[in-house]
Amino acid sequence: NTFYYIKNLSDLEIKLKDKLNLRRVLVVAGDTENDIYAFYDLGKKAAEIMLNFIKNDTVLGITGGTTMACTVNHMKSKKGLKNLLVLPARGGLSEELEIQANTIAANLAEKLDARYKLLHIPDNLDKEGLNVLKNNKLINEVLEDIKKINLLVFGLGNAKKMAARRKSDKEVLRKIESENLIAETFGYFFDQDGNVKIETNSVGITLDNFKTIKNAIGVAAGSSKAEAIYAFSKFNNNFILVTDEAAAIRILEL
Ligand code: BG6
């Protein structure tokens, strides 16, 4: 580990913003994959940025994952805002309870004194089953609200790691391997040029929705996510990235 004699972080932020062509980039010191305190710092930084964007009437969407869980855990409470709604961005992605979008959305809503709605969708439904659920009145209502998200905070993962963590079926694993898929976010898998190659059976935010969201904050760090961040930024660059030094340095080498 030779690289952590912290250079100028703001210099890294500028270089990364230019390379990825993003709205804004924030880099925390260190390597969040190997240092739990650096990971907490990432969460704190992401929470701070998120709080800056939360205003009256915000419809706030959040994904699952350990990074989002850490972000919400480190967020300060902010009460007194009016008409806030918190929603999970997507339901049923075969994650453990603690890091499911539903759980995280409920925790987030509590810190904001906000209303929240959850997506109660069992995992691994087939297309037909999903369609039935989509037409359910309550679920449909949440899906309509999801289209109104105006602030999204999302995690981004390494395709292989995410498929393994979610115990995806063989077909998905094979495709990730054979087509060299790199990035994953809310159930979609991307190749290195940012093309969408797999869509997990799930409901919630779609990539078309995503593109229209005014404020999106992606939080992803650690060198194993470097390529994923790079690939996803080619799909869409209208978001703010919060990352760490390890990922930033690696991305600049790509
Ligand atoms: C998932 C999100 O739950 O977490 C994905 O839906 C994201 O968008 C993933 O890729 C990242 O997980 P982690 O644990 O690396 O933050």
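Order of appearance sets the numbers: ligands from 1, and atoms from 1 within every ligand.
- The nearest pair of heavy atoms linking Ile54 to Lys78 is O-NZ, 3.7 Å.
- Under a 3.5 Å cut-off, the side chain of Asn56 and the backbone N or O of Lys82 do form a donor-acceptor pair.
- None of Asp244, Thr243, Thr67, Leu156 except one satisfies the side-chain contact (heavy atoms from CB on, under 4.5 Å) rule with Lys225; the exception is Thr67.
- Residue contact check: Thr185 has heavy atoms under 4.0 Å from atoms 8 (O) of ligand 1.
- Thr67 OG1, 2.5 Å is the protein heavy atom nearest to atom 16 (O) of ligand 1.
- Side-chain contact between Val196 and Phe235: present, with at least one pair of heavy atoms (C-beta onward) separated by less than 4.5 Å.
- When each atom of ligand 1 is checked for a heavy atom of Leu93 under 4.0 Å away, the hits are 6 (O).
- The proximity of Glu96 to ligand 1, defined as any non-hydrogen pair under 4.0 Å, does not occur for either the backbone or the side chain.
- Residue Glu144 qualifies as enclosed at atom CD: its count of foreign heavy atoms under 6.0 Å is above 12.
- Aromatic pair Phe232/Tyr188: ring centres not closer than 6.0 Å.
- At the shortest separation from atom 12 (O) of ligand 1 among protein heavy atoms lies Arg165 NH2, 3.2 Å.
- Scanning all heavy atoms of the two residues, the minimum distance from Lys19 to Ile251 falls at NZ-O, 3.3 Å.
- Taking 4.5 Å as the limit, some side-chain heavy atom of Ile121 sits within range of a side-chain heavy atom of Leu130.
- Residue Gly64 has at least one N or O atom closer than 3.5 Å to an N or O atom of ligand 1.
- Between Thr200 and Arg90, the shortest heavy-atom contact is O-NH2, 3.4 Å.
- Side chain of Arg166 to backbone of Leu93: a donor-acceptor contact under 3.5 angstrom is found.
- Within the listing of ligand 1, atoms 5 (C), 7 (C), 8 (O), 10 (O) sit less than 4.0 angstrom from a heavy atom of Gly155.
- Side chain to side chain, Asp57 and Asn83 meet the donor-acceptor criterion of an N or O pair below 3.5 Å.
- In terms of protein heavy-atom proximity, atom 13 (P) of ligand 1 is nearest to Thr66 OG1, 3.3 Å.
- The shortest N/O to N/O separation between Phe186 and ligand 1 falls below 3.5 Å.
- Short contacts between ligand 1 and Arg166, defined as distances under 4.0 Å to a heavy atom of the residue, involve ligand atoms 1 (C), 2 (C), 3 (O), 5 (C), 6 (O).
- By the criterion of a heavy-atom distance under 4.0 Å, neither the backbone nor the side chain of Gln100 is placed next to ligand 1.
- Considering both main-chain and side-chain atoms, Met162 never comes within under 3.5 Å of ligand 1 through any nitrogen or oxygen pair.
- In terms of polar-atom proximity, Met68 is not counted as a contact of ligand 1, lacking any N or O under 3.5 Å from an N or O of the ligand.
- Any N or O atom pair closer than 3.5 Å counts here, and Gly157 shares at least one such pair with ligand 1.
- Ligand-side atoms of ligand 1 in range of Glu184: 5 (C), 7 (C), 8 (O), 10 (O), range being under 4.0 angstrom from any heavy atom.
- Within the 4.0 Å heavy-atom criterion, the part of Lys225 lying near ligand 1 is the side chain and not the backbone.
- Proximity to Glu95 (heavy-atom distance under 4.0 Å) selects the following atoms of ligand 1: 1 (C), 3 (O), 4 (O).
- Proximity of Leu156 to ligand 1, defined as any heavy-atom pair under 4.0 Å, is confined to the backbone N, CA, C and O atoms.
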